[in-house]
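Quick notes on the structure that follows.
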Amino acid sequence: MAAPAPKTATEIIHRSCPTCEASCGLRVEIDPASRSVVRIEGDPDDARSEGYLCPKAYAMKEIYEDPERLKKPVKKNADGSFSEIEWEEALSLATSRLLEIKEKYGADANGYYIGNPTGHNVGAQLYIPPLLAGLETQRSFSAATMDQFPQNVALHTMIGDSWQFPIPDIERTEFFVCMGGNPLVSQGSLMSGPNAKKRLRRIVDDGGRVVVIDPRRTETAEIASDHVFIKPGADAFFLLSVCQVLFAEGLVAPGRLADFTDGLGRIEAIARDYTPERVEAATGIAPDTTRQLARDFCAAKGAWYGRIGLCTQEFGTLASWLVYVVNVLTGRLDAEGGMLFPRPATGRSEPGRPAEPFETGRFETVKSRIPEIAGQIPCGYMAEEIEEASAGGQRMRGLITTMGNPVLSAPNGERLAKALEELDFMMSIDIYINETTRHADLILPSTVQLEHENYDFLFETTSVRNFTRWSPTLFEPTEDQRDQWRIYCELGARLKGAPSWELVDDLMIKGMLGMMVGPGTGCPDITPEEAFGKLEDDHGPMRLIEAMIRVGPYGDKFDETSEGLNLARLRAADHGVDLGPLEAGRLPDAMPFERIELCPEYILADLPRLEAALEERGRADRLVLVGRRQIRSMNSWLHNLPALAKGPNRCTLLVNPEDAGRLGLETGKIARVRSRIGAVEVQCEVTDEMMPGVVSLPHGYGHTLPGVQLSVAREKQPGACSN
Ligand SMILES: Nc1nc2c(c(=O)[nH]1)N[C@H]1C(S)=C(S)[C@@H](COP(=O)(O)OP(=O)(O)OC[C@H]3O[C@@H](n4cnc5c(=O)[nH]c(N)nc54)[C@H](O)[C@@H]3O)O[C@H]1N2
Ligand SMILES: Nc1nc2c(c(=O)[nH]1)N[C@H]1C(S)=C(S)[C@@H](COP(=O)(O)OP(=O)(O)OC[C@H]3O[C@@H](n4cnc5c(=O)[nH]c(N)nc54)[C@H](O)[C@@H]3O)O[C@H]1N2
Ligand code: SF4
Ligand SMILES: [Mo]
């Protein structure tokens, strides 16, 4: 009889969850011998998440284990199938094809699309510049323009920094207005805070109020004190009416903000016409409700918040801007319990930063002549940029998609899918053969989260509490795998004709240190060369992070006798480093502009278009489709994971009973949803959680397209894509 196999020793490793913005602290038990994850639990010692986790905590394990995940580059064969190739062949093929296009048609004939998981991968964020330096194209697309871009534009033009987001002070607020966000499901976006339910309940339990303004009675609305239905896309009208009430009733009280804010008189004049009565038909909100809400908000320590529902709509920039305006008029921006500016350890919100100029129109799309805005072209124009029908101008011939699935996430994915076939060369950097990457000639897979280090670089700028956190590698990748940053750096180096990626990497860190240390900087006593010599890592993103945190507000300033933050201390902090509650009173020092511009010309220029829509928005016979997020999904890419894909069909159309009666729809029956662009057939769910005249369908589904190698998604949650 054989002896029982010896029980192998498991290890506990702490890291943050890389799947959504909340970045919960996790306690992961692994078996190093079999390179497997045994268990994932919430980390009770993490100051932000206190042991909380959601079902998606298991995503990083299941992604790591997914048999359909790519581990080596694959190249498309003549018959459309893919075969594995070596990295050297893959990178030299990519380089030669992209350079060929660049030489023949110019650098702008190549384009790129950057997707959402970039925000969760520090290497992917920091190494885009070397890739772009190699590509030299202005054809730039990203998930950002389908996400928070209206907020970026508003902040850029109001305070001079498009990425300095004010975040609700959810731990101290007494009155939280939530428009177009569903934090109970999304776990808070631009309000990164684990366990949104507990945080929002706290407000109500302490006698405060949570007011949800949403065309759906969402999961968040269910635990809120108040829910107000609003017609989709009418937020700008509603917010202007709130401003009108604030002025008319003498409630405007910017407090200390008044000392450095321009445009108060101008916004008063703009809002004057938008009484609650005048916009009622468009918004669906009773005037008394608007007036009472404005009064109650002013009487409490409140935070007024708007999120994706205010961005993915026709008047997204106006709506996003007006949310900030309301916070300024009521003195809630930069005030405790209001909207506060985080202070990341990597120092991106410190005083003395120059304002970047707000630029637009340096590049235009080939057919519709749509101008770029702050370097981005709207994703809705990707297809048109490629199509042969757009010839006449210089169309896009080569495309890199990285960490994105625009065929399911961008507007009119069906048209985009057709257009992708017209490219001379397409490559994707992705871990799956999915709806988008199936069109690529070449796919380069990166390591996944458990195979590389990480740092919560984006979410320390959006967190409800200041923190800094490093996450270790759990399983060393094989020789055949590459990190995302390494792929960018190597491809960029080859496109530029640089001798090696190592050299490019060294130039990056040296360039950064040259600006951050030495005479005239916050670290005057050390030269860039000396600082370079003190860095722990030889290469990679953590070397850049080390420089930033040592120079940053909590850093040791490269002084070993200091108690300040450095990479060794960061790496030793198993549960992350809690840097305390968000600070109030950081303005005007912490913003690049000297004064807040309440009425940026660029944004005001859109007001006539809004006014012209007032009547049409008030029509009673409109039926509008909105989106919906779900706890077990992350956009399009977790549907191939058995633990998250199980259960009934989730891609259902929510319809109000009134509309269902009128249209002859029933729960469980199939509805045909049609627009100017196309049609999908989906299962109905009749529910009074929808506002009459509004239906809801989640995004990120539609996994039955030919060539997609996501067998679990295809079988368990195929759904349909309405984009
Ligand atoms: N109707 C509707 N459409 C929407 C939205 C909506 O609310 N409604 N929301 C919009 C928003 S906010 C966003 S952010 C976009 C998202 O749009 P996208 O970013 O285009 O879509 P995702 O589904 O997040 O695609 C992520 C991709 O990254 C890949 N990936 C995951 N992990 C890794 C990794 O470690 N390495 C590499 N190389 N690849 C990886 C996945 O396989 C997948 O292909 O969708 C937008 N579209
Ligand atoms: N579980 C899960 N979490 C996620 C994601 C996911 O896919 N799944 N995605 C992540 C991403 S990429 C993002 S950007 C964030 C987004 O985070 P949230 O902004 O919280 O996203 P949603 O849950 O889509 O909430 C949007 C809400 O806007 C409402 N809405 C739609 N149109 C309008 C309108 O015109 N006006 C108003 N007032 N409301 C409207 C919708 O009914 C919905 O309740 O979530 C992130 N977190
Ligand atoms: S809430 Fe977000 S960060 Fe926390 S466990 Fe779930 S997916 Fe991960
Ligand atoms: Mo997003």
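Remember, it's 1-based here, ligands and their atoms both numbered in the order they're listed. Only this structure's heavy atoms are used, side chains among them; waters, hydrogens and symmetry mates stay out. For this chain, numbers begin at 1 and follow the sequence in order.
Near Tyr432, with a cut-off below 4.0 Å to any heavy atom, the atoms of ligand 1 are 42 (O). Heavy-atom contacts of Pro117 reach the following atoms of ligand 1: 24 (O), 26 (C), 28 (O), 31 (C) (cutoff under 4.0 Å). Each of the following atoms of ligand 2 lies closer than 4.0 Å to a heavy atom of Ile213: 38 (N). With ligand atoms numbered from 1 in the order given, ligand 2 contributes 1 (N) to contacts under 4.0 Å with heavy atoms of Lys56. In summary, the atoms of ligand 2 found under 4.0 Å from a heavy atom of Thr218, numbered by their order in the structure, are 44 (O). The contact set between ligand 2 and Gln630, taken as ligand atoms under 4.0 Å from a residue heavy atom, comprises 1 (N), 2 (C), 8 (N). Of all the atoms in ligand 1, the ones that sit under 4.0 Å from a non-hydrogen atom of Tyr113 are 17 (O), 18 (P), 19 (O), 20 (O). Listed by atom number, the atoms of ligand 2 under 4.0 Å from Arg307 heavy atoms are 14 (S), 19 (O). Those atoms of ligand 2 with a heavy atom of Leu310 less than 4.0 angstrom away are 37 (C), 38 (N). Ligand-side atoms of ligand 1 in range of Ile308: 12 (S), range being under 4.0 angstrom from any heavy atom. Residue contact check: Val185 has heavy atoms under 4.0 Å from atoms 1 (N), 2 (C), 3 (N) of ligand 2. The atoms of ligand 2 that sit less than 4.0 Å from any heavy atom of Gly233 are 34 (C), 35 (O). Interface of Asp147 with ligand 1, defined as ligand atoms under 4.0 Å from a residue heavy atom, comprises 12 (S), 14 (S).
Protein heavy atom at the shortest distance from atom 4 (C) of ligand 2 is Met634 CE, 3.5 Å. Nearest protein heavy-atom neighbour of atom 28 (O) of ligand 1: Met403 C, 3.2 Å. Counting only heavy atoms of the protein, atom 37 (C) of ligand 1 lies nearest to Ser446 OG, 3.5 Å. Protein heavy atom nearest atom 38 (N) of ligand 2, with residue, atom name and distance: Asp235 OD1, 2.8 Å. Residue, atom and distance of the protein heavy atom nearest to atom 40 (C) of ligand 2 are Pro215 CD, 3.4 Å. Protein heavy atom closest to atom 45 (O) of ligand 2, with residue, atom name and distance, is Ser186 CB, 3.3 Å. For atom 2 (C) of ligand 1, the closest non-hydrogen atom of the protein is His699 CB, 3.3 Å. For atom 23 (O) of ligand 1, the nearest non-hydrogen atom of the protein is Ser636 OG, 2.5 Å.
Using a cutoff of 4.0 Å between basic side-chain nitrogens and carboxylate oxygens, Glu314 and Arg617 are scored as salt-bridged. Between Glu451 and Arg69, at least one side-chain N (NZ, or NE/NH1/NH2) sits under 4.0 Å from a carboxylate O, which counts as a salt bridge. Under the 4.0 Å criterion applied to side-chain N and carboxylate O atoms, Lys71 and Asp480 are not assigned as salt-bridge partners. Checked for salt-bridge contact, Arg307 and Asp147 meet the test: a charged N lies under 4.0 Å from a carboxylate O.
With 3.5 Å as the limit, one finds no donor-acceptor pair spanning the side chains of Thr437 and Asp430. Ser409 and His699 are not linked by any side-chain donor-acceptor pair at a separation below 3.5 angstrom, with hydrogens and angles left out of the test. Asp66 and Asn640 share a donor-acceptor pair across their side chains, judged by distance under 3.5 Å alone. There is a side-chain donor-acceptor pair under 3.5 Å between Thr402 and Gln484. With 3.5 Å as the limit, one finds a donor-acceptor pair spanning the side chains of Gln683 and Asn649. Of the N and O atoms on the side chains of Thr652 and Glu685, at least one donor lies less than 3.5 Å from an acceptor on the other residue. Looking only at atom types and distance, the side chain of Gln717 has no donor-acceptor partner in the side chain of Arg632 under 3.5 Å away.
Looking at Pro55, Gly309, Cys54 and measuring to atom 34 (C) of ligand 2, the nearest heavy atom belongs to Gly309. The closest heavy-atom contact to atom 11 (C) of ligand 1, among the options Arg629, His639, Gln148, comes from Arg629. Selection from Gln449, Arg628, Met146, Glu435 by nearest heavy atom to atom 10 (C) of ligand 1 gives Met146. Here the shortest heavy-atom distance to atom 25 (O) of ligand 2, taken over Asn182, Asp214, Thr19, belongs to Asn182. In this comparison of Asn635, Leu625, Val626, the heavy atom closest to atom 13 (C) of ligand 1 sits on Asn635. Remark: among candidates Ala410, Ser142, Ser409, Ser189, the nearest residue to atom 18 (P) of ligand 1 is Ser409, based on non-hydrogen atoms. Which of Gly115, Gly700, Gly627, Ser633 comes nearest to atom 6 (C) of ligand 2 through a heavy atom is settled by distance: it is Ser633. Of the options Ile114, Thr401, Asp430, the smallest heavy-atom separation from atom 42 (O) of ligand 1 is shown by Asp430.
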- Message: Under the criterion side-chain contact (heavy atoms from CB on, under 4.5 Å), I'd like the reasoning laid out for Arg48 against Ser23: C-alpha separation, chi angles, the key distance, then a yes or no.
- Response: CA-CA 9 Å; Arg48 288 171 66 257; Ser23 312; 4.2 Å; yes
- His639 and Ser633: side chain to side chain donor-acceptor pair (under 3.5 Å), yes or no, with the steps? CA-CA 7 Å; His639 297 144; Ser633 297; 3.0 Å; yes
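Using the six-membered ring where Trp is involved, Tyr455 and Phe457 have ring planes that are tilted, between 30° and 60° apart.
For Arg674, the CZ atom is loosely surrounded, since the number of other residues' heavy atoms within 6.0 Å does not exceed 12.
Ring centroids of Phe297 and Trp304 are separated by less than 6.0 Å, placing the two rings close together.
Residue contacts with ligand 2, taken as heavy atom pairs separated by less than 4.0 Å, involve Gln313 solely via side-chain atoms from C-beta onward. Within the 4.0 Å heavy-atom criterion, the part of Asn434 lying near ligand 1 is the side chain and not the backbone.
The closest approach between a heavy atom of Gln187 and any atom of ligand 2 is not below 4.0 Å.
None of Arg628, Glu219, Gln630 except one satisfies the side-chain hydrogen bond (donor to acceptor under 3.5 Å, both in side chains) rule with Asn182; the exception is Glu219.
Of the polar atoms of Asn116, at least one N or O is found under 3.5 Å from an N or O of ligand 1, judged by distance alone. By the 3.5 Å distance cut-off applied to N or O atoms, Thr312 is not counted among the residues near ligand 1.
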